[in-house]
Amino acid sequence: MKYLKNEIYPTYTDSENVFHSWQAAVVRYQKAFNRIKHNFSQSFLFELKEGHAFHDSSIRQLSITPHDGGFRLDLILSDGYEPETQHIMTFQKVDHIVLSEVIGQDWLYSEILPQKQARFSLEVAFSNNGMLYIEFEKLEYSCKL
């Protein structure tokens, strides 16, 4: 993570300084993301802003398949606030994948950042210190109620 680092992620027992550090990091990240958000669908952007950015959602299904000179990664998330809601994300032209202990764990926070040559990265921190990192070219998003 470039902005939202685990060591400043606040817990209920942390001091007010930790919460201020976290909020400052969120503001810096949002400024960076705003420069690339035009690359993503309105429905995905709405979910990031209005839907708690997938916080407390959990991965129900993850699949990786060879596709179009790279890989395709499909994620299905159960919403953390409305469990019957599914968030479906398909990442196209994925060429870097790092993951550990993600299935069934709570999605805490994530960053989507620009990479070189019109590509992006997604990094997700999970409740059990698991993580997911991918680099991709395109993201398709849908929500099933």
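- Under the 4.5 Å side-chain criterion, counting only non-hydrogen atoms from C-beta, H87 is in contact with D79.
- In this structure, the separation between CD on Q30 and CD on E111 is 11.5 Å, given to the nearest 0.5 Å.
- Of the inter-residue distances, the one linking K138 atom NZ with R119 atom CZ reads 13.5 Å to the nearest 0.5 angstrom.
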- Determine, stepwise, if the pair L132 / V98 fulfils side chain to side chain contact (heavy atoms under 4.5 Å, CB included). CA-CA 6 Å; L132 168 67; V98 179; over 6 Å; no
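- Put simply, the side chain of E101 does not reach to within 4.5 Å of the side chain of N129, judged on heavy atoms.
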- Message: Could you go through H55 and W107, starting from their C-alpha distance and side-chain angles, then the distance that decides it, and tell me whether this counts as side chain to side chain contact (heavy atoms under 4.5 Å, CB included)?
- Response: CA-CA 5 Å; H55 182 75; W107 181 303; 5.6 Å; no
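- Linking ILVMFWY side-chain heavy atoms closer than 4.5 Å, directly or via other members, places I59 and I76 in two distinct hydrophobic clusters.
- In this structure, a donor-acceptor pair under 3.5 Å is absent between the side chains of E135 and S121.
- Side-chain atoms of S58 and D106 include no donor-acceptor pair closer than 3.5 Å.
- Inter-residue side-chain proximity for E123 and M131 is flagged as met; some heavy-atom pair is nearer than 4.5 Å.
- Ring centroids of H96 and Y133 are separated by 6.0 Å or more, keeping the two rings apart.
- Side-chain contact check for I112 versus Y29: some heavy-atom pair is nearer than 4.5 Å.
- Proximity of Q92 to E137: side-chain heavy atoms (C-beta onward) are nowhere separated by under 4.5 Å.
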- Message: Would T85 and S78 count as a side chain to side chain contact (heavy atoms under 4.5 Å, CB included) here? Give the steps.
- Response: CA-CA 6 Å; T85 300; S78 288; over 6 Å; no
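- In this structure, L139 and F120 have side chains that are not in contact, with every pair of non-hydrogen atoms separated by 4.5 Å or more.
- The shortest side-chain heavy-atom distance between D74 and L62 does not fall under the 4.5 Å cut-off.
- The six-membered or imidazole ring of Y81 lies near that of H52, with a centre-to-centre distance under 6.0 Å.
- Side chain of S57 to main chain of G80: a donor-acceptor pair is present (N/O by atom type, distance under 3.5 Å, no hydrogens or angles).
- Y109 and L4 get closest at one heavy-atom pair: CE1-O, 3.0 Å.
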- Message: Run S110 and L122 through side chain to side chain contact (heavy atoms under 4.5 Å, CB included) and show every step you take.
- Response: CA-CA 7 Å; S110 59; L122 166 70; 4.0 Å; yes
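- Neither I103 nor I88 shares a network with the other; the hydrophobic side chains, linked directly or stepwise wherever heavy atoms of I, L, V, M, F, W or Y lie under 4.5 Å apart, form separate groups for each.
- Of all heavy-atom pairs between Y141 and S43, the closest is CD2-OG, 3.5 Å.
- Checked by atom type and distance alone, the side chain of Q86 never pairs as donor or acceptor with a backbone atom of L145 at under 3.5 Å.
- Surrounding CD of E84 are more than 12 heavy atoms belonging to other residues, nucleotides or ligands, all under 6.0 Å away.
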- Report the C-alpha distance between D95 and K93 in whole Å, list the side-chain angles of each, state the deciding distance to 0.1 Å, and finish with yes or no for salt bridge (charged side-chain N to carboxylate O under 4.0 Å, His left out). CA-CA 6 Å; D95 65 0; K93 295 191 179 179; over 6 Å; no
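- Two residues are said to be in side-chain contact when any heavy atoms from C-beta on lie closer than 4.5 Å; V94 and R72 fail this criterion.
- In this structure, CG on L113 lies 6.0 Å from CD1 on I36, to the nearest 0.5 angstrom.
- The ring-ring contact (aromatic ring centres under 6.0 Å, His included) with F91 is formed by just one residue from the set F136, F40, F44; it is F136.
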